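Accompanying notes for the structure given below.
Chain letters run A, B, ... following the sequence lines, proteins first and then strands; every chain starts at 1. The shown structure was predicted, so the numbers you read here are calculated from the model rather than taken from an experiment.
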Amino acid sequence: MVTDPGLLESGSAPAHAAVVVRGAPAEQLARTSPVPMSRPPTPAAPVLAAPTRSEARSAPLWSWWATARRALPWRETRDPWEVLVAEMMLTQTQVARVVPRYRSFLERFPDPASAAVAGPGAVLAAWVGLGYNRRALQLQRTAVRVVEEHGGVLPRDPSQLERLPGVGAYLARAVAVFAFEADLGVVDTNVGRLLARAVVGRPLRRREAQVLADQLVPRGKGWAWNQAMLDLGALVCRRRSPHCNACPWQADCRWAGSGPDPAAGSFAVGARQAPFAGSDRQGRGRLVRAAAAAGPAGIAAADLARVAGWPDDPTRAERVAAGLVEEGLLAWTPAGTLALPVPAGPGRELPRGASAPR
DNA sequence: AAGGCGGGGAC
DNA sequence: GTCCCAGCCTT
């Protein structure tokens, strides 16, 4: 008998019998639209071609996952805010870099209300070092919106989640699946790579990938299935040098690790990015980090160029600093120094129009 | 469709 | 050194 870790993890998962094959054949995926937010009606006929059948893939995946699964702190919760914080931190950031920062951030901001009240500067100060500092601002703005429009509780509908600042298609579904245990497929870089390589053996368009991911989810096991898929992509079907010998889908893989990588150019699979060293991004990061370290006093204008890493190019430093101010990541103080947008620390008032936290 | 956005670990 | 990561947003 195949063990089913999903039933151990997912309190609401029904103890049902067999995985049911649903959905449309792979050849029809492209014209299935729009992406359904819930399971479409079960069609009469068996549909997915043999290599893409969910049933053939679920048993090996569960067996593999029972021993290979990663123990990660955000897998211990179903709180939607805690899930959102994890997913926001994990955006383009490796798991190993998020783990040591996750719990300490949640201790400081245990719910949307606390982040809304604290203000952008405080959230940013707790974020510095994780990278992509805009995410901290977006998370804080989302917290304000959740307090103002949703009574301080994140909505469970992906389409509503997606309207929140910084919450796109992936994050909305990730919250729906990992907090509310929806039976949807999440497509990040790991899953996107896995689908392209193992399931279809060719690059996938956005909608194809999303529909296919949805169809593979065994009913009632969305949480465990997606966590297992992420683990399989991250640990076995890696971007470089995949461990095909250790893969539970080796017998059914449409690629098998030789020849051109079908994941190249497929949806959610990252493209090359510009060099970081010497970029504006690098200077921006230095300025925000230095502002966080300087506290309310801020960075003296005379130090900007040196702090940004361009001692011989103050014009560039000022331009980049102006951009950070424009985006709300930094602010000029009355003294003419550059600081985080609001004083970090307790005792701030709520933004005008915000309701009191519960 | 393409480019900007952090930073650190793997190679 | 280069590459890439539980993406999102703007142009």
Going by side chain to side chain contact (heavy atoms under 4.5 Å, CB included), A:Leu194 matches just one of A:Leu232, A:Leu216, A:Val187. Which one? A:Leu232

Evaluate the salt bridge (charged side-chain N to carboxylate O under 4.0 Å, His left out) criterion for residues A:Asp231 and A:Arg70: first the C-alpha distance (whole Å), next the side-chain angles of each, then the deciding distance (0.1 Å), finally the verdict. CA-CA 7 Å; A:Asp231 280 345; A:Arg70 293 175 289 181; 2.5 Å; yes

Charged N-O contact under 4.0 Å between A:Glu208 and A:Arg202: yes

Span that lies between the P atom of C:dA6 and that of B:dG4, in whole angstrom: 23 Å

Taking any heavy-atom pair under 4.0 Å as a contact, classify A:Glu327: base, sugar-phosphate, or nothing. nothing

Compare every heavy atom of A:Pro112 with every heavy atom of A:Gly152, then report the nearest pair and how far apart it is. O-CG, 3.6 Å

Give, ordered by number, those residues of residues 279-290 of chain A having at least one heavy-atom distance below 4.0 Å to an atom of DNA chain C; if nothing qualifies, reply none. none

With sequence neighbours left out, the residues meeting side chain to side chain contact (heavy atoms under 4.5 Å, CB included) with A:Val99 are A:Leu72, A:Pro73, A:Trp74, A:Val95

Integer-rounded Å distance: C:dA6 C1' and A:Leu195 CG: 14 Å

Separation of A:Tyr132 atom OH from C:dC8 atom P, in whole Å? 12 Å

For A:Asn133 and B:dG4, what is the distance between atoms CG and P respectively, to the nearest whole Å? 18 Å

Applying side chain to side chain contact (heavy atoms under 4.5 Å, CB included) to A:Thr142 and not counting sequence neighbours gives A:Leu84, A:Val146, A:Leu164, A:Pro165, A:Val167

Going by the rule salt bridge (Lys or Arg N to Asp or Glu O under 4.0 Å), which residues pair with A:Asp261 if we only count those two or more places apart in sequence or in a different chain? A:Arg197

Could you tell me how far apart A:Arg206 (CZ) and B:dA1 (C1') are, to the nearest whole angstrom? 13 Å

Closest non-hydrogen atom pair, A:Leu338 against A:Ala321: CD2-CB, 3.7 Å

Report all interatomic pairs (protein N or O, nucleotide N or O of nucleotides 9-11 of chain C) with separations under 3.5 Å.
| residue | atom | partner | partner atom | Å |
| --- | --- | --- | --- | --- |
| C:dC9 | OP1 | A:Gly166 | N | 2.6 |

Just how far, in rounded Å, is P of C:dC5 from CZ of A:Arg135? 14 Å

What parts of residues 228-236 of chain A reach DNA chain C, counting only heavy atoms under 4.0 Å away? A:Leu230

Protein-nucleotide distance (A:Arg193, atom CZ; C:dC4, atom P), rounded to Å: 10 Å

Assign each of A:Val128 and A:Arg238 the nucleotide of DNA chain B bearing its closest heavy atom; nearer the 5' end lies the nucleotide of A:Val128

A:Gly295 versus A:Ala339, closest heavy-atom pair with distance: O-CB, 4.0 Å

Length of the line joining A:Asp188:CG and C:dC8:C1', which is rounded to integer Å: 14 Å

Looking at A:Arg319 and A:Asp313, does any basic side-chain N land under 4.0 Å from a carboxylate oxygen? no

Candidate list A:Arg69, A:Lys221, A:Arg75, test side-chain hydrogen bond (donor to acceptor under 3.5 Å, both in side chains), partner A:Gln227, passing option: A:Arg75

Mind running a 4.0 Å heavy-atom check of residues 263-278 of chain A against DNA chain B and sending the residues that fall below it, in number order? A:Gln273, A:Phe276

Verify salt bridge (charged side-chain N to carboxylate O under 4.0 Å, His left out) between A:Glu76 and A:Arg103, making sure each step is shown before the conclusion. CA-CA 11 Å; A:Glu76 306 299 318; A:Arg103 278 296 159 196; over 6 Å; no

Quiz: residues 115-129 of chain A side-chain donor-acceptor pairs under 3.5 angstrom, not counting sequence neighbours:
| residue | atom | partner | partner atom | Å |
| --- | --- | --- | --- | --- |
| A:Trp127 | NE1 | A:Gly131 | O | 3.0 |

Within this structure, what is the CZ-to-P distance between A:Arg239 and C:dC3, rounded to whole angstrom? 11 Å

Side chain to side chain contact (heavy atoms under 4.5 Å, CB included) filter on A:Cys244, not counting sequence neighbours, yields A:Pro242

Under the side chain to side chain contact (heavy atoms under 4.5 Å, CB included) rule, collect the residues that match up with A:Arg284, sequence neighbours excluded. A:Arg134, A:Val320, A:Leu324, A:Glu327, A:Leu329

Of all heavy-atom pairs between A:Asp183 and A:Gly222, which one has the smallest distance, and what is that distance? OD1-N, 2.9 Å

What pairs with A:Tyr132 under ring pair (Phe, Tyr, Trp, His ring centres under 6.0 Å), at least two apart in sequence or on another chain? none

Here the residues of residues 86-104 of chain A within 4.0 Å heavy-atom distance, strictly under, of DNA chain B are A:Gln92, A:Thr93, A:Gln94, A:Arg97

Which part of the nucleic acid does A:Leu137 contact within heavy-atom distance under 4.0 Å: base, sugar-phosphate only, or nothing? nothing

It should be established whether A:Thr189 places a side-chain nitrogen or oxygen under 4.0 Å from OP1 or OP2 of nucleotide C:dC5. yes

For B:dG6 and C:dT11, measure between their P atoms and round to the nearest Å. 16 Å

Using a 4.0 Å heavy-atom cut-off, does A:Leu171 contact any base of the nucleic acid, only the sugar-phosphate backbone, or nothing at all? sugar-phosphate

Can a donor-acceptor pair under 3.5 Å be found between the side-chain atoms of A:Arg70 and the base atoms of C:dA6? yes

